[in-house]
Every structure is written in structure tokens, then in C-alpha cells.
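Atoms considered below: every heavy atom in the structure, side chains included; atoms not considered: hydrogens, waters and symmetry mates. Residue numbers begin at 1 in each chain, while the letters A, B, ... track the order of the sequences.
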Amino acid sequence: MANESACRKAACFIGLAQLFRTSIIRNATCHYLIAEFTAKLPAMRYSRFFAPTLRDDPADAEVISHKLLLRAGFIRRVTSGVYDFLPMGLRVLRKIEGIVREEMARAGAQELLLPMVQPSELWKKSGRWEKYGNELLRFKDRHAHESCLGPTHEEVICDLVSRELRSYKQLPMNLYQIQSKFRDEVRPRFGLMRGREFVMKDAYSFHADEESLQEEYDNMFATYQRIFTRLGLKFRAVEADTGSIGGNQSHEFHVLAESGEDLIAYCSHCDYAANVEKGISTRTIPSFDDAALHEIETPNVSSVEDVASFLKIDPSQLIKTLVYQVTGGEFDGQTVAACVYGDDSLQEIKLARALAANDVELADDAALLAIGGIKGFVGPQGLSCKILVDESLRDAVGMVAGGNNADSHVSGLSISRDIENADFVDLREVRLNDGCAHCSEGHIEHARGIEVGQVFALGQQYTKPLEVLFQDQNGKRATATMGCYGIGVSRLVAAVIEQCNDENGMIWPLSLAPFQVAIITMGKSETAMNASEKLYDDMCKQGIEVLWDDRKERPGVKFKDAELMGLPIHVVIGDRGLDADAIEIRQRTGSKQDVALSAVIDTIHGILAGAN
RNA sequence: CGGGGCGUAGCGCAGCCUGGUAGCGCAUCUGGUUUGGGACCAGAGGGUCGGGUGUUCGAAUCACCCCGCCCCGACCA
């Protein structure tokens with residue numbers, strides 16, 4: 001396997017995946033492959049370029065990336081959560097895809113393309129036709145055949161692999177695609193950040209055993225770190241809930257940004273980080289004197305703060321009891337109660353997971369009454385329903401809780417003595433300044449994050465129902481083990497902008513910029529136009545991605561647009577600079593220098609080289 | 001799906017309360033003057049006022065219904 005064409009052939013055959021990855025990809029000789037993904041994008045004259053910029057912020061854009069993408073002519077909205085990518089936006093998308101492809105290739109994964117339209121049969125087989133919910137856009141074709149638009153591709157890839165996989169010798173393999181997904185989101189928002197249709201890189205790996213899966217999980221984890229590092233992002237990998245996709249291990253990759261929709265808890269000392277949906281921490285356990293159960297009058301005081309101040313006690317002496325209606329799982333349709341310390345918050349995702357439910361929702365007053373509770377004065381004692389209690393409360397004594405009577409609470413409550421059949425589980429949401437459960441030295445801090453990637457060790461959740469089988473070393477039939485790995489490619493466009501912008505617009509790193517260079521021609525003198533055109537041609541020949549602003553616009557307009565679009569290098573050509581043979585080269589990050597016209601291209605090459 | 005808001009020219013908005021047949025800024029087109037930071041003058045084009053029904057002599061304006069969009073909560077890349 002010494003020559004490149006042989007490598008390519010090998011890459012074409014699923015059956016040779018093993019050979020391909022071990023002997024070629026993880027070997028330095030594969031660099032030819034990487035060059036293919038960094039193809040240059042064509043240079044353009046602005047006068048012929050379709051990039052309609054807007055002076056004002058569109059009224060319906062909220063976050064900075066959405067505003068700038070619209071204003072700079074990168075995207076336009078078609079309908080809720082669905083966008084056109086204009087040439088500018090597409091160029092950035094392509095750059096990101098290129099980096100993703102290079103790193104996926106380096107990691108030994110192979111690209112393919114799966115269909116967006118998928119038959120209901122596969123989804124029924126995996127059980128998700130019922131489970132996936134309204135995000136799955138279902139429809140019927142002309143033959144009344146039920147289909148859906150792919151929100152993800154586990155079913156389809158398992159179907160494909162199950163047909164072709166025979167022997168353990170074909171494993172492991174990692175197949176990926178970069179493709180549009182459709183999820184009929186309840187609430188699309190923030191432009192590319194949360195669309196209904198979006199571009200995703202999704203990879204699926206198949207393995208003969210757990211060890212192999214773990215190895216690939218680690219490989220993908222490292223690959224993701226490389227990708228997000230190359231994209232120039234401040235990011236953090238965090239432990240994640242496995243959610244509806246299921247499985248046993250998962251990490252999310254979050255770009256840290258104010259506008260992030262997720263809350264990340266991380267340790268100030270060690271490298272522990274987790275989504276608050278699943279994060280754990282230690283709290284100081286307050287201690288109170290054990291006492292006899294005693295009913296106390298609390299007229300019209302029901303919130304934790306009110307009860308605490310009314311009784312002149314600390315909120316941590318209270319037990320907060322919340323009653324939920326469960327959807328899905330063993331407790332489907334039932335009402336359950338959940339208790340945490342008065343100064344803690346209950347994390348609903350943890351509760352849902354503890355119940356193996358799809359969803360939990362605060363119960364209404366009627367459901368509350370039905371289990372013997374009353375709004376505002378609910379306590380764990382004597383409720384006729386399942387009661388879940390946070391671990392931290394296991395040994396609590398001398399507590400105050402709702403009395404399940406109007407205007408009444410009880411004091412002296414002891415969990416172990418007074419609450420029968422309580423299940424102890426982790427329910428509390430990690431709080432700022434909690435102790436770290438992993439290193440005991442640090443404390444918990446919070447950050448907001450935009451989830452741009454997630455890796456899952458799925459196990460056999462899909463391979464079993466979809467019968468991805470192979471023959472193992474012993475000649476026995478075995479079920480493959482699976483991992484899946486997603487990156488929100490179009491979301492990354494927005495995420496990068498969230499991190500890289502100023503009051504004038506976007507600031508693209510050279511590796512992602514739609515154009516590396518803008519030539520800004522000032523005035524309309526023939527010398528300026530001629531010098532610009534010559535420079536433009538020379539740059540084109542040398543493979544520099546350049547946008548020549550040859551429009552008949554005033555200087556201010558051109559500067560504003562180049563800045564708005566965030567092009568990294570601006571070359572200003574005007575009579576003034578030409579006369580003095582001092583051409584101004586500005587970088588979007590702020591620096592400026594004047595160089596002789598003849599030195600412009602070398603200077604740019606220098607800047608481009610310095611960036612990589 | 002719950003809660004809030006919006007829909008008038010390509011974009012941003014006024015007009016609506018108190019009905020009388022649509023206006024401002026930017027953008028666009030023509031001509032001219034300008035040209036190193038979103039120019040100026042003159043002229044021009046462009047709107048079934050989201051849709052429907054109703055009230056009325058008359059509806060952008062009032063009422064009802066529908067549709068679309070945005071924001072806040074639960075889902076996810």
C-alpha cells in the first residue's frame with residue numbers, strides 16, 4: 001500500500017476500512033488527502049458579487065451573530081428556522097467543513113452521504129417512530145408511504161452497515177457525512193444558532209467490542225478538540241446527559257459565549273466540567289437538632305423565602321417539595337413528588353432520568369389535590385405518590401416542610417423517621433460555589449455555552465433492533481457496538497461570530513474568512529483602478545482569496561462593508577497612497593502598515609503564513 | 001405547547017387610540033456636483049397596509065376568525 005492511488009481505492013471499499021485506517025491514515029503519508037479539502041475559493045469583484053449588506057439591524061434578530069449574518073449578506077431567512085446561505089455565508093460554511101473533513105480524515109473516518117428522506121420502517125424498527133416526538137417531520141409520499149425527514153441518521157446507517165457487515169475483520173469503521181438535517185424544533189431562534197434545517201457533520205462508528213468503541217470515542221474526543229482548536233474557538237468539553245439518543249457515555253463540546261443557551265458548571269481547580277443538566281457537586285449539609293414532629297401555623301406564607309423569614313430560619317432548613325406529572329416510562333401518567341433543600345433547585349432533567357421518563361412537568365392543582373397535597377403547602381409526609389428525595393437530604397433531621405394542609409407547615413421533620421418509601425437520588429442542580437465532587441479542593445463556577453458538538457458511546461441501542469450483526473473470531477454471531485459523533489457545522493458559523501466580533505462587525509480568523517483579502521479602491525482615478533486591477537490579477541494568480549471592491553461607492557461605504565464582513569486583510573488603493581508609494585495594509589484585528597506597491601503581495605503572503 | 005409582542009415599499013419605522021383611501025429615513029433608478037470613513041442637489045419608480053369575514057356611506061385604523069414572524073420557558077448539533 002505504498003502509493004496514493006492504491007490508498008484511494010482502499011478508501012472506497014467498506015471491507016477494507018481496517019486496512020485503510022491502520023496502515024495509511026494514521027501514518028504521515030496521508031497528507032495528500034488533507035490538501036484536497038483546502039481548495040481555494042474563487043476571487044471576486046464586488047461589483048459582480050451577490051452580497052447585499054444592510055445598514056440597519058433587522059428587527060427580528062436578537063443575538064449578535066444573527067444580526068451580523070443578516071447585515072453582512074451571509075444569510076437570508078426563508079421561513080422560521082430555515083435560511084438561504086448566500087455566497088458569503090456559504091464560503092465560511094465551506095471553510096469550516098474543510099477543516100472538519102481534514103480532521104475526520106486524519107482520524108481515519110470515511111465520508112459518505114445518506115438520504116434526507118427516510119422510510120418510517122427503519123424508525124419503527126428502532127422504536128423511535130413513536131418516541132422521537134414532534135421534532136420528527138413525518139409525511140406521506142404519493143403512494144401513501146410514511147416517511148420522515150432525517151433529524152439524525154442512526155437508523156439509516158445501521159441499515160446500511162447491517163447489510164454489508166459480515167466479519168469482525170471489517171471492524172472497526174467510522175463513517176461520516178456532512179449534510180442537512182431537519183428537526184421541527186419547538187422554537188427555532190437566533191438565526192443559525194438554532195434552526196430547524198441545519199448542516200451537521202455526523203459520524204457513526206461500529207465496533208466488535210467495548211474496548212474498540214472506547215478507543216474510537218477517545219479518538220473522536222481528541223479529534224473534536226483539534227477541530228475546535230483549529231477553528232480558533234474558546235471551548236470546553238463537558239460531561240453530558242445522554243438524552244433521547246441514549247447510550248452510556250457522552251461529552252458535549254461547548255463554545256463559551258454570553259449568548260449560549262446552556263449552562264456549564266466547572267471546577268475552579270480540577271478539569272471537571274458538566275452541563276448543569278447532569279453536573280454533580282457537594283453542598284454543605286446543614287445540621288439541625290432532631291425534634292418531634294410538630295405542626296405550625298404559616299398563614300399565607302408558602303414560598304421558601306417567605307416561610308424562612310416568617311419562621312426566622314435559614315432556607316436550608318426547609319424541604320422544597322415539587323410535584324410533577326410524568327410522561328413516558330414506567331411512571332407514565334403518574335404524579336410524583338421530589339424533594340430538595342430549600343436553598344437548592346431541582347434539576348428536572350435529572351428527575352426525568354431518575355424516573356426513566358421522557359418528560360416531567362409541574363403538576364396542576366387538581367393533580368396535587370389528588371395525592372393529598374395543596375398548592376403552596378406541599379410536604380413529603382403523607383403524600384400518596386412516589387416520593388423522590390435528593391441524596392443530600394438522606395440523613396436530614398429537624399427540617400421544616402409543607403404540612404399538606406392550608407396555611408400549615410411541619411417542623412422537626414426527620415427524613416428517615418417520617419418519610420416512608422422515599423427513593424434517594426441525585427436531583428439537585430449544581431450551584432455556584434458548591435464544592436467539587438471530584439477533587440474536593442475546587443469550587444463550582446458557571447459559564448454559558450453554545451453546544452457545537454457531542455460524542456456518544458451508544459453501545460448496542462440501535463445495532464440490536466436494527467440487527468447490525470457480524471461473525472466474531474469464534475465464528476459466532478455478534479451484535480456490533482456503536483458510537484456516534486455530531487458537530488453542528490452551520491451552528492459553528494454563528495458560534496465563531498459570537499466569539500469574534502466588535503462594534504464594526506465580524507472578525508474572521510484567516511482560516512475561516514470568506515475572503516482573506518479585500519482590495520479597497522478609493523476614488524475613481526484611472527491610476528487607482530489600474531493599479532487595483534493589476535494587484536487583483538496578481539493575487540488571483542497566486543491563489544490569494546481576494547474580494548476587490550471595484551464599486552463606484554464612497555470610501556466610507558467600502559470600509560464599512562469590508563469591516564462588517566470581517567475580512568481579515570484590507571489593502572487600500574488610492575491616489576494618495578500610490579503617489580507616495582505607500583500602500584496601506586490593515587488587518588481587521590487593528591494593526592496597520594504602509595508598504596510599497598511592489599511589496600504588497602509579499603507582505604500579504606507573510607501575514608497569511610504567520611497565521612498558520 | 002403555554003406566556004408576551006409584532007405584521008404598513010427591499011430594510012428600519014410613523015400613521016391606528018379619535019375611520020375620510022398612505023407617509024418618513026435608508027436603499028433603488030435618471031441627471032449633475034462630489035470622492036481616504038455609510039455625501040449633496042434635482043427628479044423618478046416602488047405598497048392587494050399579512051389574509052378573510054363583518055360593522056360603516058366610507059376601514060391601514062373598529063370587531064371576529066385565520067396565517068406568519070419575533071421574544072421568554074421545556075428539546076437539541
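A:Gly191 comes within 4.0 angstrom of nothing in the nucleic acid, heavy atoms only. Among the protein residues, A:Arg71 comes within range of the nucleic acid bases, having at least one heavy atom under 4.0 Å from a base atom. Using a 4.0 Å heavy-atom cutoff across all strands shown, A:Arg77 reaches sugar-phosphate atoms only and no base atom. Within the nucleic acid shown, A:Gln179 has no heavy atom closer than 4.0 Å to any nucleic acid atom. Counting non-hydrogen atoms under 4.0 angstrom, A:Gly453 reaches the backbone sugars and phosphates but no base. In this structure, A:Asp262 reaches the bases: a heavy-atom distance under 4.0 Å links it to at least one base atom across the strands shown. When heavy atoms are screened at a 4.0 angstrom cut-off, A:Val452 is found touching the sugar-phosphate backbone but no base atom.
The side chain of A:Arg189 lies closest to B:C75, out of B:C75, B:C11, B:C13. Of all nucleotides listed (B:G73, B:C76, B:C69), B:C69 comes nearest to the side chain of A:Ser80. Of the listed nucleotides (B:C71, B:G12, B:C75), B:G12 has the atom at the smallest distance from the side chain of A:Asp56. Side chain of A:Asp561, nearest nucleotide from B:G38, B:A77, B:C71: B:G38.
Nucleotides B:C40 and B:U34 have their P atoms positioned 16 Å apart, rounded to a whole Å. Between B:A59 and B:A22, the distance separating the two P atoms is 13 Å to the nearest Å. The gap from the C1' atom of B:G52 to that of B:G68 amounts to 14 Å, rounded to the nearest Å. Rounded to whole Å, the C1' atom of B:C49 lies 4 Å from the corresponding atom of B:U8. If you take atom P in B:G45 and the same atom in B:C17, they sit 30 Å apart, rounded to whole Å. Using atom C1' as the reference point in both B:U61 and B:G7, the two lie 15 Å apart (nearest Å). Here, B:G51 and B:A42 have their C1' atoms 40 Å apart, quoted to the whole Å. Rounded to whole Å, the C1' atom of B:G4 lies 24 Å from the corresponding atom of B:A60.
A donor N or O paired with an acceptor N or O is not found under 3.5 Å between the base of B:C76 and the side-chain atoms of A:Arg187.
At the phosphate of B:G68, neither OP1 nor OP2 sits under 4.0 Å from any side-chain N or O atom of A:Thr79. OP1 and OP2 of B:C13 both lie 4.0 Å or more from every side-chain N or O belonging to A:Arg55.
Residue-to-nucleotide proximity on RNA chain B shows that, of A:Asp60 and A:Glu451, the 5′-proximal contact is made by A:Asp60. Residues A:Glu197 and A:Phe190 each lie close to RNA chain B; by heavy-atom proximity, the contact nearer the 5' end of the strand is made by A:Phe190.
Checked by atom type, the side-chain pair A:Ser205/A:Glu216 shows no donor-acceptor distance below 3.5 Å.
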Can you give me the N/O atom pairs linking the protein to nucleotides 33-36 of chain B at distances under 3.5 Å, or say none if there are none?
| residue | atom | partner | partner atom | Å |
| --- | --- | --- | --- | --- |
| B:U34 | O2 | A:Arg554 | NH1 | 2.7 |
| B:U35 | O4 | A:Lys524 | NZ | 2.6 |
| B:G36 | O2' | A:Arg576 | NH1 | 3.2 |
| B:G36 | O6 | A:Gly577 | N | 3.3 |
| B:G36 | N2 | A:Glu584 | OE1 | 2.3 |

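Residues satisfying the side chain to side chain contact (heavy atoms under 4.5 Å, CB included) criterion with A:Asp549, sequence neighbours excluded, are A:Tyr46, A:Arg551, A:Lys558.
Atom-to-atom, CZ of A:Arg194 to P of B:C72 comes out at 11 Å; the value is rounded to the nearest Å. The separation between A:Met200 atom CE and B:A77 atom P is 6 Å, rounded to whole Å. Rounded to whole Å, the distance from CZ on A:Arg491 to C1' on B:C76 is 7 Å. If you take CD of A:Gln325 and P of B:A74, they are 19 Å apart, rounded to a whole angstrom. A straight line from CD of A:Glu185 to C1' of B:C69 spans 17 Å, rounded to a whole angstrom.
With a 3.5 Å ceiling on both atom-pair distances, the Watson-Crick or G-U wobble partner of B:A42 is B:U30.
For A:Tyr462 and A:Phe206, the distance between ring centers is not under 6.0 angstrom. Taking the centre of each ring, A:Phe198 and A:Tyr83 stay at or above the 6.0 Å mark.
Both cation-pi conditions hold for A:Arg91 and A:Phe515: the charged atom is under 6.0 angstrom from the six-membered ring centre and inside a 45 degree cone around its axis.
Partner of A:Gln347 under the side chain to side chain contact (heavy atoms under 4.5 Å, CB included) criterion, chosen from A:Glu277, A:Arg353, A:Lys278: A:Glu277.
No side-chain heavy atom of A:Gln454 sits less than 4.5 Å from a side-chain heavy atom of A:Tyr485.
Closest non-hydrogen pair, A:Pro58 versus A:Arg71, comes out as CD-CG, 3.9 Å. Of all non-hydrogen atoms in A:Met220 and A:Val455, the two that sit nearest each other are CB-CG1, 4.3 Å.
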